[in-house]
Amino acid sequence: MEISSLVGLSHLTALQRSLEVITDNMTQINSPGVLQEDVMFSAFLDPSKEVSFVQDIATSKKLTPAALHYTGDPLHVGNAGTGWFSVQTPDGTLYTRNGLFTLNNEGQLISSIGNYPILNEGGGPITIPANQNVQISDDGTVSTQQGIIDKIGVFAFENPYNITRGENNLYSTKENPTPAKDTKLTQGTFSGSNIDPITETNKLILVNRMYQSQLKLLENQNRLESQTTEKLLTVTSAA
Amino acid sequence: MTLQALATAGTGMAAQQILLDQIANDLANANTTGYKRKMTVFATLASQDLRRTGSSSSMNGTVIPSGVNVGLGVKAAGIINIMEKGPLLPTENPLHLAIDGVGYFQIQLPDGRVAYTRAGEFETGPDGMIVTQDGYSLIPGITVETGQTVNINQNGEVYGKTKDTMVPVKLGQIELSKFANANGLEPMEGNLLLETPASGAPVITAPGTDGTGSIASGYLEGSNVNAILSITDLIKAQRAFEMNTKAAKTAEEMSREIKNLGA
């Protein structure tokens with residue numbers, strides 16, 4: 001196949017990948033603690049032929065804190081900072097910005113989705129005595145009328161972009177967690193998603209336009225090839 | 001591959017539909033005694049790791065740790081209760097009881113099970129037993145004699161007094177149940193809740209003792225549905241739904257153009 005067609009096709013594939021990520025962002029607008037994702041593309045150089053293809057390298061996350069939504073539930077916490085809560089799952093320690101917590105029947109603080117225990121600064125579960133007025137301060141300290149019980153762990157990473165999203169609003173990373181420095185929790189609220197519907201809609205329109213023009217380019221190339229072939233055949237038959 | 005985008009947008013639309021249903025149910029129960037408003041929690045579906053392991057960044061063989069991670073959409077992971085206290089509405093009926101604090105009334109179901117409720121809209125049955133609006137008796141069965149006026153104090157002690165008697169007679173003691181995770185109680189028709197493994201076993205105490213709430217006679221706990229919050233949620237659901245239809249439309253347009261390619 002012609003190199004120009006291959007380059008064009010790599011662009012089309014990249015745009016389709018873009019569309020998938022933008023669509024997924026759209027679906028996650030109301031998902032608590034979910035970050036906006038963008039596909040990063042780069043040029044794949046082919047020095048022998050002096051052209052480059054488009055290759056999707058990675059999905060990067062937008063790390064800005066999301067808006068807080070009020071619920072009034074004393075076990076819901078929203079974070080105005082960029083830190084992560086940690087949860088214990090069968091797949092190991094995962095991280096989330098979703099602060100919708102509840103209690104299990106043993107009084108352990110768990111996530112509302114998936115029922116995973118929320119960990120304290122030391123990595124252990126947090127047990128809260130039932131049916132008492134629970135106070136969660138802005139640095140994560142959990143206390144009742146009887147005094148301080150525990151402290152919710154809020155973590156940061158040296159390379160904050162090195163995270164991968166999984167199911168149930170949980171993110172995994174290979175980095176080691178350190179205590180986050182900008183933690184500011186608000187009890188009775190939770191963090192929504194930081195996805196901006198306006199920019200995502202603009203991106204949709206852009207992707208669509210680029211797709212249309214790329215397709216037109218491919219159509220023209222196709223027509224050029226078939227016309228060339230026709231002309232060559234005509235010349236040959238005249239000879 | 002635009003089909004994947006269509007499927008993803010589909011999950012988004014389906015999830016927002018569930019949110020819509022939940023909001024409608026909340027608004028329908030805006031005046032239901034003891035009703036707790038709900039919240040739909042959305043969760044990401046698994047992501048597809050489109051990782052071409054060891055893909056080269058140039059012909060010189062340098063390898064980039066490619067990690068293209070595409071999400072597959074969203075699901076409504078659960079509908080949780082918002083346990084905020086409802087307003088106490090005065091009714092002046094001594095058999096209308098509200099719980100000021102934590103705790104649930106115990107109700108005896110005809111099939112032998114025990115149900116729990118915050119809705120203290122009680123009345124006396126034909127035989128004088130204190131029952132719910134559906135006729136299920138309040139545990140322990142307390143009977144009020146005809147002609148007695150009932151008085152229930154903060155500690156759940158039920159007293160009856162007729163015109164003739166000078167001293168009120170104690171008819172019974174209402175006890176309340178507490179749970180480790182009241183949010184995990186399973187809702188049943190008629191404002192009733194059932195125990196589940198998630199809620200934990202009931203701990204039965206007298207009202208006003210050991211952290212249990214006290215009983216307010218002549219009041220009913222209203223629904224904690226907040227119309228402003230519900231309407232705000234409605235706008236959120238509608239906007240998210242529109243966004244998803246836009247994405248689906250774009251995916252459809254792009255796949256339509258592929259069909260025209262080469263024609």
Side-chain angles (χ1 to χ4, degrees), chain A residues 13 15-17 19-32 34 37 39 42 44-48 55-59 70-73 100 102-107 112-115 130-132 164-170 197 200-201 204-205 207-208 211-212 215 218-219 222, chain B residues 1-2 4-5 8-9 11-12 15-16 19 39 41-47 50 55 57-59 64 66-74 77-78 80 82-84 102 178-181 183-184 197-200 211-212 229 236-237 239-240 243-244 246-247 250-251 253-254 257-258 261-262:
Chain A
T13 314
L15 286 170
Q16 281 183 337
R17 183 88 68 242
L19 178 69
E20 284 167 27
V21 173
I22 296 169
T23 307
D24 179 68
N25 279 337
M26 297 279 206
T27 63
Q28 308 296 349
I29 284 179
N30 287 332
S31 303
V34 173
E37 309 218 341
V39 195
S42 91
F44 180 104
L45 291 168
D46 186 346
S48 49
Q55 188 184 35
D56 36 339
I57 293 296
T59 39
Y70 168 81
T71 62
D73 190 309
L100 292 170
T102 181
L103 296 175
N104 66 10
N105 59 11
E106 293 167 20
S112 290
I113 312 171
N115 298 330
N131 295 313
Q132 298 204 10
T164 309
R165 195 180 87 193
E167 217 182 332
N168 291 332
N169 308 359
L170 300 172
E200 293 310 291
T201 313
L204 260 188
I205 299 171
V207 163
N208 203 357
Y211 201 83
Q212 311 284 352
L215 275 178
L218 277 178
E219 266 182 51
N222 193 23
Chain B
M1 261 175 278
T2 35
Q4 175 58 57
T8 306
T11 68
Q16 302 309 322
L19 173 59
M39 188 174 88
V41 185
F42 295 107
T44 54
L45 292 173
S47 290
L50 299 166
S55 52
S57 59
S58 71
M59 291 303 257
I64 32 163
S66 36
V68 177
N69 195 248
V70 180
L72 294 173
V74 76
I80 62 179
I82 305 298
M83 303 298 283
E84 202 174 13
V102 295
K178 287 192 295 193
F179 297 90
N181 178 22
N183 215 324
S199 66
T212 312
L229 293 178
K236 272 204 292 193
R239 185 191 62 191
M243 292 289 142
N244 284 311
K246 265 203 177 48
T250 307
E253 270 178 40
M254 278 164 69
E257 292 306 311
I258 298 176
L261 188 65

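Every chain is numbered from 1 and lettered A, B, ... according to where its sequence line falls, protein lines coming before strand lines.
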Review point. Which atoms of N104(A) come close to chain B, meaning under 4.5 Å heavy atom to heavy atom: side chain ones, backbone ones, both, or neither?
Key: backbone

Point to revise | Contact origin within L229(B) toward chain A - heavy atom pairs under 4.5 Å | key: side chain

Practice item. Count the heavy-atom pairs under 4.5 Å between each of K178(B), R239(B), M83(B) and chain A, then report the option with the highest count. Key: K178(B)

Check your understanding: So how far is it from L45(B) CG to N169(A) CG, rounded to the nearest 0.5 Å?
Key -> 10.0 Å

Study note, to complete from the structure: So, the part of T71(A) with a heavy atom under 4.5 Å from chain B: the answer is both

Study note, to complete from the structure: Rounded to the nearest 0.5 Å, the CD atom of E37(A) sits from the OG1 atom of T44(B) at a distance of 9.0 Å

**Study point:** Side-chain donor/acceptor of N105(A) to backbone N/O of A180(B), under 3.5 Å
**Key:** no

Review point. Do the non-hydrogen side-chain atoms of T164(A) and S47(B) ever get within less than 4.5 Å of each other?
Key: no

Review point. Is it the side chain or the backbone of A9(B) that comes within 4.5 Å of chain A heavy atoms, both, or neither?
Key: both

Check your understanding: Under 3.5 Å, is there a donor-acceptor pair between the side chain of N69(B) and the main chain of G166(A)?
Key -> no

Point to revise | D24(A) (side chain) donor-acceptor with G73(B) (main chain) under 3.5 angstrom | key: yes

Practice item. Work out which heavy atom in R165(A) is nearest to a heavy atom in G71(B); give both atom names and the distance. Key: NH2-CA, 3.4 Å

Review point. Considering residues at least two apart in sequence or located in another chain, which fulfil the side chain to side chain donor-acceptor pair (under 3.5 Å) criterion with S112(A)?
Key: none

Check your understanding: Where on L100(A) is there a heavy atom nearer than 4.5 Å to chain B: the side chain, the backbone, both, or neither?
Key -> side chain

Exercise for review: Kindly give the heavy-atom pair with the smallest separation between F42(B) and S31(A), and that separation in Å.
Suggested key: CB-OG, 3.5 Å

Check your understanding: Measuring from L19(A):CG to T250(B):OG1, what's the distance to the nearest 0.5 Å?
Key -> 6.5 Å

Revision key, fill the gap. Comparing I113(A), I29(A), I205(A) against chain B, the one with the most heavy-atom pairs below 4.5 Å turns out to be I113(A)

Practice item. Flag the one option from L72(B), L19(B), V70(B) with the top tally of heavy-atom pairs under 4.5 Å to chain A. Key: V70(B)

Point to revise | Approximate separation, where rounding is to 0.5 Å, of T11(B) OG1 and Q28(A) CD | key: 7.5 Å

Exercise for review: Tell me, please, which residues at least two apart from E106(A) pass salt bridge (charged side-chain N to carboxylate O under 4.0 Å, His left out).
Suggested key: none

Review point. Above 12 or not: heavy atoms from other molecules or residues under 6.0 Å from NZ of K246(B)?
Key: no

Revision key, fill the gap. d(Q16(B) CD, T27(A) OG1) to nearest 0.5 Å is 8.5 Å

Exercise for review: Indicate yes or no: at least one non-hydrogen side-chain atom of V207(A) is less than 4.5 angstrom from one of M254(B).
Suggested key: yes

Review point. Hey, what do you get for CZ (R17(A)) to CD (Q4(B)), rounding to the nearest 0.5 Å?
Key: 10.0 Å

Point to revise | Engaged part of Q212(A) at the chain B interface, taking heavy atoms whose separation is under 4.5 Å | key: side chain

**Study point:** Check against side-chain contact (heavy atoms from CB on, under 4.5 Å), N183(B) and D73(A)
**Key:** CA-CA 11 Å; N183(B) 215 324; D73(A) 190 309; 4.1 Å; yes

**Study point:** Heavy-atom proximity to chain A below 4.5 Å, by part of I80(B)
**Key:** side chain

